[in-house]
Protein chains: 2
Amino acid sequence: MSRQDQKQKKVTLLDVAKHADVSRATASLVVRKSPLVGAETRQRVEAAMRELGYVYNMGAARLRAERSHTIGVVVPNLTNPFFAELLSGMEASVDAAGLVMIIANTGDGPPRQAIVLQRLREHGVDGIILCPAAGTTDEIASQIEGWKLPLVQVLRHVTDELDYAGADYVAGMEEAVEYLVSLGHRAISFAAHGPVHSAYQERVQGFLGAMKRFGLRPEPVIRFPDRVDQIAQEADALFVKDRAPTAVICFNDLVAHGLAAGFYDRGLKIGRDISLIGFDDVADAEAMRPRLTSVSTAPNEIGQKAAALLLDRIAQPALPPRRWINPTRLHIRDSCRPLSSS
Amino acid sequence: MSRQDQKQKKVTLLDVAKHADVSRATASLVVRKSPLVGAETRQRVEAAMRELGYVYNMGAARLRAERSHTIGVVVPNLTNPFFAELLSGMEASVDAAGLVMIIANTGDGPPRQAIVLQRLREHGVDGIILCPAAGTTDEIASQIEGWKLPLVQVLRHVTDELDYAGADYVAGMEEAVEYLVSLGHRAISFAAHGPVHSAYQERVQGFLGAMKRFGLRPEPVIRFPDRVDQIAQEADALFVKDRAPTAVICFNDLVAHGLAAGFYDRGLKIGRDISLIGFDDVADAEAMRPRLTSVSTAPNEIGQKAAALLLDRIAQPALPPRRWINPTRLHIRDSCRPLSSS
DNA sequence: CTGAAAGCGCTTACAG
DNA sequence: CTGAAAGCGCTTACAG
């Protein structure tokens, strides 16, 4: 019988057991690396597995053991570099734990999200990491509770009853305002975009709170389009009516990037004519010229931590809900200048 | 019995069948949307599913049906925005077909890749989309053949025996050279980075071939570090010795972004002092100033097509190997100027 | 450590 | 359309 033939009919654990002259139960113990099996026996079984080209059938194991070694990750989109960083961090933690990630995209819409969550349940994931789509209500908490499915919220939260891993957006924005004020700026605008959710609100709240604390007039939040080229085109929106900001804090680096381009197009020099602060501190911040000062939220770390929270929750479903809030850090580069020198 | 209690012990298809007063086989047909079931019966079963909170157990189905409705996607890294676009395209196609994606990261290393592929086999994926790690040899073809596992290569290829979806890197580079030559440039450098693989070689080959065709001295390919900030620091490498390029073609947009920053730092004006062309045309190209002329490879489309190839291959394993090469397009923006006017 | 048996929740023929 | 039976490839007690 050639190797080829052996591959034809799937080789099962029973085949391995026979080949190694042990019982099926013993072979099963070897696969699962149980210490109950003696070294000599273990080696014989492992040799048999290699010789027969055995592939462990996780699907069969899961049916019996009620554990799939699979987790679901649901995010509002895949293309944002911020989410890419987040996924990368998760992948590292999840992989290290011997699990595998099924990823799904909601397009930031609750109806899609409902479908996607259902599909993940059908696939028998051991747990889910969810960045809730904008518009998700806290009713989801009781739903999840009914499902008995371990779930952690990431980046955004809609309920206190479930675990959450995110960053301290409020403090991050406060730090940005403080820094600009220390440079002498008083007319500071906030440039935002995208759907409204907890992370959005916390950023706005941090900005407005800090402005008020310094006795500065809180400018209305200025909304920009989603795409970076459109943001550039509409940069003028910052200067309409009686507004004349000397500094702008952005919702994220993407907005900052768009505005930087818009300023360039208008002959405004960042630093000299206007100061600019981004948020998230993704890779581009370092590549922009002048380099972008940005509030770092460390998405990779958040991803790792979200995975860790989920693994804990899977191991101990009764744990009280936990939240892990990553401190932010203002990464000062070259996009802000003291007001006096401008 | 409250809803809660019903959730406690998992409800199975047999429970649904009893509740709807039909046989288990009929309930199974309803779940799988078979046309054999009459409308009235179907509705009764569906109502029972809702009332009992039934969740289809894909794991059990897979064990019997030998189909997991799961595919594996293995990529060398997750953070590159290019791969994010690719995944996004795949996700759309895979999701539309009712399947789900398990994603895995090789870190561009063959040993990791071997582990990851094995893990995906154990999870019983119906097929795999693989961007082969740098250093993967064509021995993988016979290995995969032995596994009887549908697999398509994406972006890079190591064998002709397996399906492949990618872009026409050679033609893309040729077009870039032609364009620069048409603007009067003759001293054109190629700036590369990252590991060497088919996509790398094809880009270099396209560049060198076109240069030779125009009777231009083929400059050696100049290698840069991986990170964008390091690329900026080493931009001088373009001008060492007797080299004085008037234009630079980059391996990808990331290199272009780094060099653009490096030029800025040295007071070189893109367009006036030097022309620059990127490759891939990801979102940043539009946000750079001056806007980056770049060869578009449409990663999102490649992702969709790779998924389509895999679905075909799963349906018809005996199909001869196919390759789908996306034509590229030079997206002209503002980073190149005629030599005479400089 | 072993062996025989039951069962995880489905799907698959097969006879009606 | 239905019903009874077998089986997918494992894991789980349980008695030895």
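Residue numbers begin at 1 in each chain, while the letters A, B, ... track the order of the sequences. Every value quoted in this text rests on a predicted model; they were computed, and no experiment measured them. Computed over heavy atoms, backbone and side chain alike; hydrogens, waters and symmetry mates excluded.
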Given [options], the nucleotide with the shortest approach to the side chain of [X]:
{"X": "Ser23(A)", "options": "dC10(D), dT11(D), dT2(C)", "result": "dT2(C)"}
{"X": "Ala65(B)", "options": "dT12(C), dC10(C), dT2(D)", "result": "dT12(C)"}
{"X": "Arg64(B)", "options": "dC10(C), dA13(D), dT11(D)", "result": "dC10(C)"}

Base-pairing mate for dA4(C) - Watson-Crick or G-U, with both contacts under 3.5 Å: none
message: Which nucleotide, if any, forms a Watson-Crick or G-U wobble pair with dA13(D), using both distances under 3.5 Å?
response: none
- line: Contacts of Arg323(B) meeting side chain to side chain donor-acceptor pair (under 3.5 Å) (sequence neighbours excluded), chain-then-number -> Asp160(B)
field: Shortest non-hydrogen separation from Asp163(B) to Arg313(B) and the atoms involved
entry: OD2-NE, 2.7 Å
- prompt: With no hydrogens and no angle check, do the side chains of Ser28(B) and Arg32(B) hold a donor and an acceptor under 3.5 Å apart?
  reply: yes
- prompt: Can you find a side-chain donor-acceptor pair between Gln316(A) and Asp312(A) that sits under 3.5 Å?
  reply: no
task: Please state how far atom CG in Asn57(A) lies from atom P in dG7(D), giving the value in whole angstrom units.
output: 18 Å
task: Quickly work out the Lys18(B) NZ to dC10(C) P distance and round it to whole Å.
output: 13 Å
task: Take Ala39(A) and Arg24(A), find for each the nucleotide of DNA chain C with the closest heavy atom, and name the residue whose nucleotide sits nearer the 5' end.
output: Ala39(A)
message: Any base atoms under 4.0 Å from Val37(A), or only sugar-phosphate, or nothing? Heavy atoms, all strands.
response: sugar-phosphate
